[in-house]
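For reference, the structure is listed below as structure tokens.
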Amino acid sequence: MWKSMIMCWILLSYSYANNHFYKGSHELVRVVPKTNEHLQLIRYFEDSLGVDRWSEVLQLNRDIKMSLPQAQASKIKKLCKQYGIDVTVLNNDLDGLIKKSDDISKQHKIRTRRSTKDKNSYHLADYLTYEQIVRFLDEQHKRSPSLQNFTSIFSIGNTYENRSIWTIRIGKPSARRNILMDCGIHAREFISPSTCLYMIDKFIDEVNNRRPSILSIFNIYIIPLLNPDGYEYAQTQRRMWRKNRAPNNYYYGAYSNCIGVDLNRNFGYHWMGEIFFSISCTVTVFILVENGASANPCSETYAGPKPDSESETQNLQKLISQSSRNWDAYLTFHSYGQYWIYPWGFASYMPDDYIELKNKAEIGSEALKRVNGTSYKIGSAANLLYESAGGSDDWAKGVGQIKYVYTVELRPSDDLNDAHAHFAFMLPSTFIEPVGQETYVGVKEFLRSLITSRRQKSLSKNNYKS
Ligand code: 0X9
Ligand code: ZN
């Protein structure tokens with residue numbers, strides 16, 4: 001449903017000289033939009049004033065956390081006052097929060113190294129680097145010499161900076177059904193890749209302990225780090241980096257110094273909303289329906305110069321569509337908020353089979369909750385969070401034709417009453433293990449439910465025949 005205003009952007013006359021990198025000091029504030037005008041103002045902040053929205057939800061009367069670059073903070077607060085939006089400063093020293101999280105992580109690393117003799121558990125002690133992740137995958141593959149055909153490792157292609165995007169397959173070679181999971185589309189969401197690594201380790205334990213019940217039915221493909229360029233940059237340069245690292249200097253004749261595309265806005269299913277047309281090679285007119293994706297290369301949610309423009313996007317798409325595999329499910333892990341969400345993200349209407357998607361999400365999230373009491377909310381992306389087009393989930397369902405598609409937003413919760421909510425993307429590494437544990441249990445229960453419902457379906461088919 002098109003509820004918002006239509007904006008016409010003529011990009012040739014647009015000069016993207018402003019450089020809204022996440023650097024320098026930032027202030028974290030909370031606002032509560034009360035009118036549609038307020039929502040529009042917040043979108044304007046995001047798009048043009050370098051504001052980085054941290055809250056998943058963008059809806060009326062809901063808390064919204066935004067990180068303001070210091071240089072723009074007073075202008076933004078003034079505009080808020082003018083339009084009647086109350087601003088609460090939650091943290092005026094985000095660098096301090098990053099440091100606090102790092103300090104907890106350092107202590108955790110020392111303690112874990114002391115307490116565990118198992119050198120294969122180093123993925124629980126710290127957020128690994130890209131190089132360490134590659135080594136970890138290799139070690140995992142070599143862990144079961146007699147059962148080596150239960151795993152294989154391959155690259156789905158390279159990134160802009162020429163890093164390989166590694167994938168591991170775990171399952172009995174005779175397994176006929178396939179599951180795909182990825183982590184780390186967004187660079188700063190460190191808890192996502194660590195959760196994929198945790199699950200890889202546990203699935204391989206099952207192979208080694210010779211109880212691969214799920215793995216004799218499914219081959220599970222896990223891509224632990226889909227955006228290694230962005231991740232490396234977030235680990236070494238700017239902790240809050242979200243996008244990939246492709247330059248934007250090819251931009252239809254216009255030039256931008258700003259780097260990176262939000263990969264989760266780049267997938268070509270209803271890319272940038274519904275309407276997109278070109279009137280010549282050099283002058284492109286976008287008619288944008290507000291949909292959480294931006295045409296501004298400096299924005300955190302820049303959708304790219306065209307649908308599927310990025311190599312990371314294309315590589316994932318090739319894996320999904322250019323193979324003879326039938327995929328039963330695709331799960332993509334992000335943070336944060338504790339949401340188990342299904343399509344669509346581009347619009348608020350539901351897929352025809354949403355009841356089935358919702359039921360299975362409930363099974364997974366209930367099992368997850370039983371481990372440490374962590375609750376997840378369930379719903380469609382556009383309804384539970386906000387409309388945003390170009391997500392890998394929408395593409396996997398809309399183009400890839402995968403039935404069970406989910407984005408799982410891991411811990412912490414975005415409820416400010418939650419004790420850990422303030423860590424947001426900076427969850428210390430003490431959380432690697434509990435988040436991994438509960439997610440693994442939730443995912444496994446979800447997978448079991450796929451097996452049971454297929455069995456029930458074929459049973460009822462047979463009963464019907466007889
Ligand atoms: O906005 C996103 O890309 C995801 N949230 S995050 O904070 N991890 O960036 C949510 C994506 C939900 N799916 C779609 N909108 N298609
Ligand atoms: Zn994300």
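One-based numbering, in listed order, for ligands and for the atoms of each.
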Just by distance, no angles: are the side chains of [X] and [Y] close enough, under 3.5 Å, to form a donor-acceptor pair?
X      : Y      : value
Asp262 : His186 : yes
Tyr130 : Asp229 : no
Asn266 : Glu310 : no

Contact atoms of ligand 1, heavy-atom distance to [X] under 4.0 Å:
X      : answer
Asn264 : 2 (C), 3 (O), 11 (C)
Ser335 : 7 (O), 8 (N)
Glu409 : 4 (C), 5 (N), 6 (S), 8 (N), 10 (C)

Looking at His334, which of its N, O or S atoms is the nearest one to the Zn ion (ligand 2)? ND1

Which residues satisfy the salt bridge (charged side-chain N to carboxylate O under 4.0 Å, His left out) test with Lys358, sequence neighbours excluded? Glu362

Which of the listed options, Asp393, Leu410, Asp414, Thr407, holds the heavy atom that is closest to atom 13 (N) of ligand 1? Asp393

If you compare His334, Arg53, Arg242 by their heavy atoms, the one closest to atom 9 (O) of ligand 1 turns out to be Arg242

Does Arg135 make a cation-pi contact with Tyr122, if we ask for NZ or CZ under 6.0 Å from the ring centre and within 45° of the axis? yes

Side chain, backbone, both or neither: which part of Ser388 comes within less than 4.0 Å of ligand 1 when only heavy atoms are counted? both

Just heavy atoms, cut-off under 4.0 Å: does Glu387 contact ligand 1 by side chain, backbone, both, or neither? neither

Between His186 atom ND1 and Glu189 atom OE2, the angle centred on the Zn ion (ligand 2) rounds (to 10°) to 90°

On a heavy-atom basis, which atom in Leu39 and which in Pro33 lie closest, and how many Å separate them? CD2-CG, 3.7 Å

How far apart are the closest heavy atoms of Ser335 and Arg411, and which atoms are they? CB-O, 3.9 Å

For Asp63, enumerate each residue passing the side chain to side chain contact (heavy atoms under 4.5 Å, CB included) test, keeping only those at least two apart in sequence or located in another chain. Arg30, Val32, Leu416

Flag Glu409 as yes if one of its N/O/S atoms falls below 2.8 Å of the Zn ion (ligand 2), otherwise no. no

Is it the case that ligand 1 has an N or O less than 3.5 angstrom from some N or O of Tyr336? no

